[in-house]
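Below you'll find the structure, written out as structure tokens, and then a few comments.
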Amino acid sequence: MTEPLRVEGTAPLRKVLETKNLELNFGPQHPATHGVYRAVLALDGERVVGIESIIGYLHRGIEKWAEYRTYTKATPVFDRLDYVGAILNCHGYVGAVEKLMKVEVPKRAQYVRVILDELQRIANHLLWLGTHALDLGAMTVLFYALREREVIMDLFEAMLGQRLLQNAYPIGGIRLDFPKGWDRACRNFLAEFPNRIDEYETLLSTNRIWVQRTRGVGIVSGEEAVALGLSGPTLRGSGVCFDVRKAMPYSSYEEFDFEVPLGERGDVYDRYIVRVREMRQSIRIVQQALDGLPEGPLMPEKLSKIIRPPAGEAYFCVEGTKGMLGFYVVSDGTDKPWRLHVRAPSFVNLQGLERMCVGGLVADVVANIGSLDIVLGEVDR
């Protein structure tokens, strides 16, 4: 072995070029972390060799908070979890209480819930698409996506009185029916929206920079995704066909004809394309629900204003905007839940970040976090 090159008075060149892993804090104030989330990266040059997720900056104790409120007063609490998918949080909670009480939600109310749930899914995916594209340098998409999202917010405000935290569903059904003209405004949006999705895809799907930043990045196989407990578009992007609306139908979802979009490679690009296709499927579902909307009451006839479920336990889950959103409720027979726990998909899906990032570049961490679509209000609860 030859001696290392050495200039008199200096250290051997081989010694000078040796590197050590660098520890880098990514967040909690970084805009690409999508909230107060901190990732501690171990770097070998530009290559990520380790990542540790640090959470808890936003912890509000929502589950325990709800246990000190009556079942009715706890309803708006859960809008604060995934605050860009609030209606689906509300559906999960009231569904668990209704299951505990063995309350049958009227058919018309079930259809109205499906319509609002799917509009909320579209609104969530639009905000995700715009911010994810912005993270990777595509600013125009954000303005386009917010344009359509505002129309959905207007529909929510017209019917529910709120745009973001709607407190949409009471236990048992729906408070009020669609206001005058709401059906027509919704149908106008559904007729125009597919053309808008085409615009997003024109800007991104074959864009050379977008493809280079997303294809082959953050690959998670189907087997790994299942082992990590991933769900929602993150799981389906890995080619695993699991959707709560199909596997465990609720609110009459079994009566609607729609497809479950799947990815092939399990990379950032697949997770993007699955969400884009999900928006198209949500349009189909809302159109079918509006066309087949049954007549009838919105609330059960015999339901006490004071909710006191019998002692027991119930678990109910919905297909949230991020994945399987489950609520576990234990009743002791009083008007307040004795125990309440949320299976938050953002929290569980965060487990997949290490598999996505290790071996990739620092720049890919931004793409991988964005592809998970986490909301820290749901991670920390």
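In this text, all values refer to a predicted model and were calculated from it rather than measured experimentally.
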Within a strict 4.5 Å, meaning less than it, do heavy atoms of the [X] and [Y] side chains meet?
X: Ser371; Y: Tyr269; result: no
X: Thr33; Y: Pro28; result: no
X: Arg277; Y: Ile197; result: no
X: Asp335; Y: Ile307; result: no
X: Glu192; Y: Val151; result: no
X: Tyr272; Y: Thr214; result: no
X: Arg196; Y: Leu126; result: no
X: Phe26; Y: Ile51; result: no

One thing to verify: whether Arg163 and Glu150 come together as a salt bridge, which I'm taking to mean a side-chain N less than 4.0 angstrom from a carboxylate O.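 Arg163 and Glu150: salt-bridged.
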Is a salt bridge present between Glu67 and Arg339, judged by a nitrogen-to-oxygen distance below 4.0 Å?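 Looking at Arg339 together with Glu67, the answer is yes, because their closest N to O distance falls below 4.0 Å.
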From [X] [atom1] over to [Y] [atom2], what is the distance, rounded to the nearest 0.5 angstrom?
X: Tyr328; Y: Tyr315; atom1: OH; atom2: OH; value: 11.5 Å
X: Phe178; Y: Leu293; atom1: CZ; atom2: CG; value: 5.5 Å
X: Leu340; Y: Phe327; atom1: CG; atom2: CZ; value: 7.5 Å
X: Gln287; Y: Phe258; atom1: CD; atom2: CZ; value: 14.5 Å

Does NZ belonging to Lys246 count more than 12 external heavy atoms closer than 6.0 Å?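 Counting neighbours around NZ of Lys246, more than 12 heavy atoms of other residues, nucleotides or ligands fall under 6.0 Å, so yes.
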Counting only heavy atoms not in Leu24 (residues, nucleotides, ligands), do more than 12 fall under 6.0 Å from its CG?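 Yes, the 6.0 Å shell around CG holds more than 12 heavy atoms from other groups.
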Mind listing the closest non-hydrogen atom pair of [X] and [Y] along with its distance?
X: Arg271; Y: Val220; answer: NH1-CG2, 4.5 Å
X: Leu204; Y: Leu129; answer: CD1-CD1, 3.9 Å
X: Met248; Y: Cys317; answer: CE-SG, 3.8 Å
X: Leu100; Y: Pro309; answer: CD2-CB, 3.7 Å
X: Leu262; Y: Val274; answer: C-CG2, 3.8 Å
X: Ser251; Y: Phe256; answer: O-CE1, 4.5 Å

Derivation of the salt bridge (charged side-chain N to carboxylate O under 4.0 Å, His left out) call for Asp270 and Arg215: CA-CA 8 Å; Asp270 276 355; Arg215 209 180 277 277; 5.5 Å; no
Is the side chain of [X] donor-acceptor paired with the backbone N or O of [Y] at a distance under 3.5 Å, no angle test?
X: Arg108; Y: Pro294; value: yes
X: Arg184; Y: Lys180; value: no
X: Ser331; Y: Gly312; value: no
X: Ser238; Y: Val240; value: no
X: Glu98; Y: Val103; value: no
X: Arg47; Y: Gly359; value: yes
X: Asn349; Y: Lys322; value: yes
X: Arg113; Y: Gly173; value: yes
X: Tyr169; Y: Val94; value: no
X: Asn25; Y: Arg38; value: no

Output all residues satisfying salt bridge (Lys or Arg N to Asp or Glu O under 4.0 Å) with [X], sequence neighbours left out; order by chain, then residue number.
X: Glu23; value: none
X: Lys107; value: Glu255
X: Arg245; value: Glu118, Asp243

Throw together a table of side-chain donor-acceptor distances under 3.5 angstrom for residues 229-237, partners on residues two or more places apart or in other chains.
residue, atom, partner, partner atom, Å
Ser231, OG, Met324, N, 2.9
Ser231, OG, Arg343, NH1, 3.4
Arg236, NE, Glu278, OE2, 3.1
Arg236, NH1, Phe242, O, 2.9
Arg236, NH1, Glu319, OE2, 3.2
Arg236, NH2, Glu278, OE2, 2.5
Arg236, NH2, Glu319, OE2, 3.3

In terms of ring plane angle, is the pair His125 and Trp128 parallel, tilted or perpendicular, where the classes change at 30° and 60°?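 His125 vs Trp128 ring planes: perpendicular.
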May I have the step-by-step check of salt bridge (charged side-chain N to carboxylate O under 4.0 Å, His left out) for Asp257 and Arg284, ending in yes or no? CA-CA 8 Å; Asp257 179 30; Arg284 289 179 60 187; 3.0 Å; yes
Under 3.5 Å, sequence neighbours excluded: what are the donor-acceptor pairs made by side chains of residues 86-93?
residue, atom, partner, partner atom, Å
Asn89, ND2, Phe78, O, 3.0
Asn89, ND2, Asp82, O, 3.1
His91, ND1, Asp117, OD2, 2.6
Tyr93, OH, Tyr71, O, 2.7

When you group the ILVMFWY residues by side-chain heavy-atom contacts below 4.5 Å and let the links chain together, are Leu136 and Leu146 in the same group?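 Each belongs to a different hydrophobic cluster.
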For residues 351-358, which side-chain N or O atoms pair as donor and acceptor with protein atoms under 3.5 Å away, sequence neighbours left out?
residue, atom, partner, partner atom, Å
Gln351, NE2, Leu228, O, 2.8
Arg355, NE, Glu224, OE1, 3.1
Arg355, NE, Glu224, OE2, 2.8

With distance as the sole criterion, is a donor-acceptor pair present between the side chains of Asp135 and His34 under 3.5 Å?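 Side-chain D/A pair, Asp135 to His34: present.
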